Amino acid sequence: MASKKDMRRLDLAIPYIEPPKDKNEADMSGVMSSTMPMAAMFTRNRMIGWVSFVFSLQSWLGETPEQKKSAATPAYMSVLMSLMALVVTYFPIFMPPPSARNTAVAPSPSPSP
């Protein structure tokens with residue numbers, strides 16, 4: 001029969017200590033939340049604009065105090081940039097470009113008899 005006594009020695013146990021994080025670790029969420037609004041404005045793609053808004057909102061709400069101290073710009077600025085990207089992508093609906101306005105105003109030529 002096997003002995004039911006625990007043979008492990010507690011004096012040899014080493015407690016777990018989490019390793020320190022590198023200072024040079026890149027903040028990928030910050031990079032994405034600042035570049036996606038620019039991509040939405042350049043391409044005028046509404047889907048990229050909405051994704052950038054949701055992504056920057058998530059990164060702002062999930063920001064840690066360490067990220068607040070080390071960030072070059074505050075996270076709410078990326079939210080404002082993504083809102084600006086949405087305004088730029090939806091702007092042609094409310095204010096069409098001049099070429100579209102001229103074709104809508106010009107009367108069609110009438111047929112001659």
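The structure displayed is predicted, hence computed values, not measured ones.
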Do [X] and [Y] belong to the same hydrophobic cluster, where Ile, Leu, Val, Met, Phe, Trp and Tyr are linked whenever their side-chain heavy atoms lie under 4.5 Å apart, directly or via other members?
| X | Y | answer |
| --- | --- | --- |
| Leu61 | Met77 | yes |
| Leu57 | Trp50 | yes |
| Met81 | Val88 | yes |

*Can you name the residues that form a side-chain hydrogen bond (donor to acceptor under 3.5 Å, both in side chains) with Ser78, not counting sequence neighbours?*
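For Ser78 there are no side-chain hydrogen bond (donor to acceptor under 3.5 Å, both in side chains) partners, ignoring immediate neighbours.
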Approximate separation, where rounding is to 0.5 Å, of [X] [atom1] and [Y] [atom2]:
| X | Y | atom1 | atom2 | value |
| --- | --- | --- | --- | --- |
| Phe53 | Gln58 | CZ | CD | 10.5 Å |
| Leu83 | Ser56 | CG | OG | 7.0 Å |
| Gln67 | Trp60 | CD | CH2 | 14.5 Å |
| Ser82 | Met38 | OG | CE | 11.5 Å |
| Ser52 | Asn45 | OG | CG | 10.0 Å |
| Ile48 | Leu86 | CD1 | CG | 11.5 Å |

*Write down the atom of Thr43, the atom of Ala39, and the distance for their closest heavy-atom approach.*
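In terms of heavy atoms, the two residues are closest at OG1-O, 2.7 Å.
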_Is it true that, when you exclude Leu10 itself, more than 12 heavy atoms of the residues, nucleotides or ligands shown sit nearer than 6.0 Å to its CG?_
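No.
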*Who passes side chain to side chain contact (heavy atoms under 4.5 Å, CB included) against Arg46, sequence neighbours left out?*
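Per chain and number, Arg46 pairs via side chain to side chain contact (heavy atoms under 4.5 Å, CB included) with Thr89, Tyr90, Ile93.
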_According to side chain to side chain contact (heavy atoms under 4.5 Å, CB included), who are the partners of Phe55, at least two apart in sequence or on a separate chain?_
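For Phe55, the residues satisfying side chain to side chain contact (heavy atoms under 4.5 Å, CB included) (neighbours in sequence not counted) are Ser29, Met32, Ser33.
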*asked:* Do Arg44 and Pro92 make a side-chain contact, defined as non-hydrogen atoms from C-beta onward lying under 4.5 Å apart?
replied: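 Yes, at least one pair of side-chain atoms sits under 4.5 Å.
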